[in-house]
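Input: a single structure, listed below in structure tokens.
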2 protein chains.
Amino acid sequence: MSKQLTMSDIARMAGVSTATVSRVLSNHPMVREETRDRILSLVKEHRYEPSYVARNLSTRRTHTIGVVVDDISNPFFMELAKGVELVLQKNGYTMLLTSSGWDPAKEADLIRTLLRNRVDGVLLTPVHPESESTEVMRRNGVPFVVMNCHSDNESVSYVSTDNVEGGRLAAELMLRTNLTRFLCLSGVPHQSTSERAEGFIHEIRSHGRGNDLAVYDEVRTFDDGYNIVPSLIARNRLDAVSTGIFTSNDFVAMGILEGLIAHRIPVPSQVSVIGYDDIAFAERYRIPLTTVIQAKHSMGQLAADELMELIQDRNHNPARLLLKPRLIVRDSCTAAQSHEPRSAVP
Amino acid sequence: MSKQLTMSDIARMAGVSTATVSRVLSNHPMVREETRDRILSLVKEHRYEPSYVARNLSTRRTHTIGVVVDDISNPFFMELAKGVELVLQKNGYTMLLTSSGWDPAKEADLIRTLLRNRVDGVLLTPVHPESESTEVMRRNGVPFVVMNCHSDNESVSYVSTDNVEGGRLAAELMLRTNLTRFLCLSGVPHQSTSERAEGFIHEIRSHGRGNDLAVYDEVRTFDDGYNIVPSLIARNRLDAVSTGIFTSNDFVAMGILEGLIAHRIPVPSQVSVIGYDDIAFAERYRIPLTTVIQAKHSMGQLAADELMELIQDRNHNPARLLLKPRLIVRDSCTAAQSHEPRSAVP
DNA sequence: GCCTAGCATGTAACCGCTTACATAATCTCT
DNA sequence: AGAGATTATGTAAGCGGTTACATGCTAGGC
């Protein structure tokens, strides 16, 4: 209570040296059973908790992993973090979690703090795949795995989703139904969202429907989606018999749906909408949303697994994983069946 | 690259002792300016990052706070964590985040791990306000603040919301509109949800409307909410001219709404529904949900602030904060105006 | 009975910092 | 000029563990 117990306290009480206590606590085999029991019971009795701080200094390993995500309160990243935590806990590691707020400078700062804490490895969702942060880690020889972003650098491990494929899936579905026109609302260039758009566009074109396709850039938020509807109407983009709209995230898709409802445009009979991410309640939105889903949880797990590998074997071959996205068909899209609540009473 | 630089490397290069380097790095004033500059430029040049592990051992402080929440992927807790992180970062602390999955045994285990890491303090959303965990921390003299839960123990600091008041607010709104019957769907006894119900019930009764009130227990999930609708109908609970239903969380409320829609019962004209929490998309649910909101972000901030106080001043008077909840009125409730999307084009 | 092997434990250096105390150098004041 | 105060730096003892190496002991083989 008054003063933290230390190993030498236990050693003194047991009438042995600290070396022996240390051996017992780290399961070293070379200890007589009787001694071991005596020490363990003292440890239990006095509720001694060994200091990892001291141990870390001595062993030069911390069993701590730094995790840097863009936004800690964003469900996407937390789903990710949960997968990470699962694996780390199983391997006896703890997690130093921080968030960069999409700011590269802050990201680099956080990495530096993690290095000072001598973390054994880092998992991050980088703002940019190659940056000061990765440079710093490489220089310090700290193993790291990039999440939700792929790197062109051959030597870095990453776990991400195949965004191009995700866009392709959406296009594929739309092509199967007999839509007469396609709209692609893309996000910021050179980011995951634009890869999604790219996949969509490529698939449409390669089916010879490029002429029925229009593309809009910089549509990123719910409000962007809502606000673009009137202008689409003005440009006669929605008066075709049936139009398919692909958006690179669910927020935009929901904005669009809201806009369509406000303008009394029937969904999905006249306009089909496909989003991306399957954020919470996409499933239970006013019009349940067809969307492309990423396996966030596995992404976290796989990344953590890979990091564990890297830590154990420094010249382990970097894994470059691209998870396959999956299309979830719901009411917002022509092909869908009618919506039933998940657990409807029969 | 090959070997981590240490302070004595820098000291040797600068031709001084480690003590001087240490003084420079911790902004001790008693160093000649010229010496300071020389050292700092060497530090910068060689990108030396001091080891917090060693520093922590030496100073017996880690500037690390353990945070234990129930579920790391739950938006509520992450909103909380974000508030926490903000304050910690501002104060130069890092966060060791873990989640207990509502398991008291695991919670206690996590706390023990945190203690071994010699965290300077702990923030937790305890499964139960008094438990092995709090006991362990008290015994070790580690300052802690309880979040989202109030404790009867005079000596523990907590930051929570006034759940009774939240329930009362819901009742107040319902009483102002001329509803003829009230339903209260409560969660698990002895938890925050039941306090909410308690506040609701008390307010209804104290307005002499106890006879128009029915209470159901153990309704906790979306599905519970959905499934209870038919039985309410069967027991003629909803055939009154207008009924108000209070649920102790938004999931239940959404389930109820879904059930009502499925049974073609008009909302809010025949039944009004009020939820609790304002989870994401409550605002944009099929029927925008009237709900009681908690200031999660401030809760995290306040708790972290309090912990900082506690750390600086060991016999600081424990703060016992009960934040006021706020009622957000939306379409699911009679008193509401018609729903307009947040950014509707004029 | 002696040598050697193997087991159980102790000794002490080390991990990379901080900091109380000692020391040296410079300044101030009578 | 010398005492005392002040400033800048060095010395070395921790902090609480780990672990290579040394040591003592017991037992087996000859």
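Letters go in sequence order (proteins before strands), and every chain restarts at 1.
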When you measure from the side chain of S151(A) to the backbone N and O of N153(A), does any donor-acceptor pair fall under 3.5 Å? yes
Here the gap from S51(A) atom OG to L5(A) atom CG, rounded to the nearest 0.5 Å, amounts to 12.5 Å
Salt bridge check: are D109(B) and R112(B) linked by an N-O gap of less than 4.0 Å? yes
Can you tell me how far apart CG (L25(B)) and OG1 (T18(B)) are? Round to the nearest 0.5 Å. 11.0 Å
Approximate separation, where rounding is to 0.5 Å, of F77(B) CZ and N148(B) CG: 6.0 Å
Does D71(A) reach the main-chain N or O of S73(A) with its side chain, forming a donor-acceptor pair under 3.5 Å? yes
Distance check, rounded to the nearest 0.5 Å: K106(A) atom NZ versus T113(A) atom OG1? 10.5 Å
So, with a heavy-atom separation below 4.0 Å from DNA chain C, the residues of residues 49-61 of chain A are L57(A), S58(A), R60(A)
Of all of residues 34-46 of chain A, which get a heavy atom below 4.0 angstrom from DNA chain D, listed by number? none
Y93(B) and H63(B) aromatic ring geometry - parallel, tilted or perpendicular at 30°/60° bounds: tilted
Is S17(B) touching bases, backbone alone, or none of the nucleic acid, heavy atoms closer than 4.0 Å? base
Do the side chain of R23(A) and the main chain of M30(A) share a donor and acceptor less than 3.5 angstrom apart? no
Hey, what do you get for CG (N140(A)) to CZ (R118(A)), rounding to the nearest 0.5 Å? 7.5 Å
Start and end of chain B contact along DNA chain C [non-hydrogen atoms, under 4.0 Å]: dG16(C) to dA20(C)
Count the heavy atoms belonging to other residues, nucleotides or ligands that lie under 6.0 Å from CZ of R61(B), then report whether that count exceeds 12. yes
Need one value for V16(A): base, sugar-phosphate or nothing, where a base atom within 4.0 Å counts as base even if backbone is also close, heavy atoms only. sugar-phosphate
Axis-to-axis angle for the helix from dG1(C)-dC30(D) to dT30(C)-dA1(D), ends of five pairs each, to 10°, equals 50°
Kindly say whether V67(A) contributes a backbone atom to a donor-acceptor pair with the side chain of T98(A) at under 3.5 angstrom? yes
Rounded to the nearest 0.5 Å, how far does CG of N56(B) lie from OG1 of T62(B)? 5.5 Å
Start and end of the DNA chain D segment that chain B contacts, any atom under 4.0 Å from a heavy atom: dT7(D) to dG16(D)
Name of the residue among V146(A), N317(A), L310(A), L307(A) meeting side-chain contact (heavy atoms from CB on, under 4.5 Å) with S157(A): L310(A)
How is S22(B) classified with respect to the nucleic acid when contacts are heavy atoms under 4.0 Å: base, sugar-phosphate, or nothing? base
Contacts satisfying salt bridge (Lys or Arg N to Asp or Glu O under 4.0 Å) that involve residues 121-130 of chain B (not counting sequence neighbours) are E130(B)-R138(B)
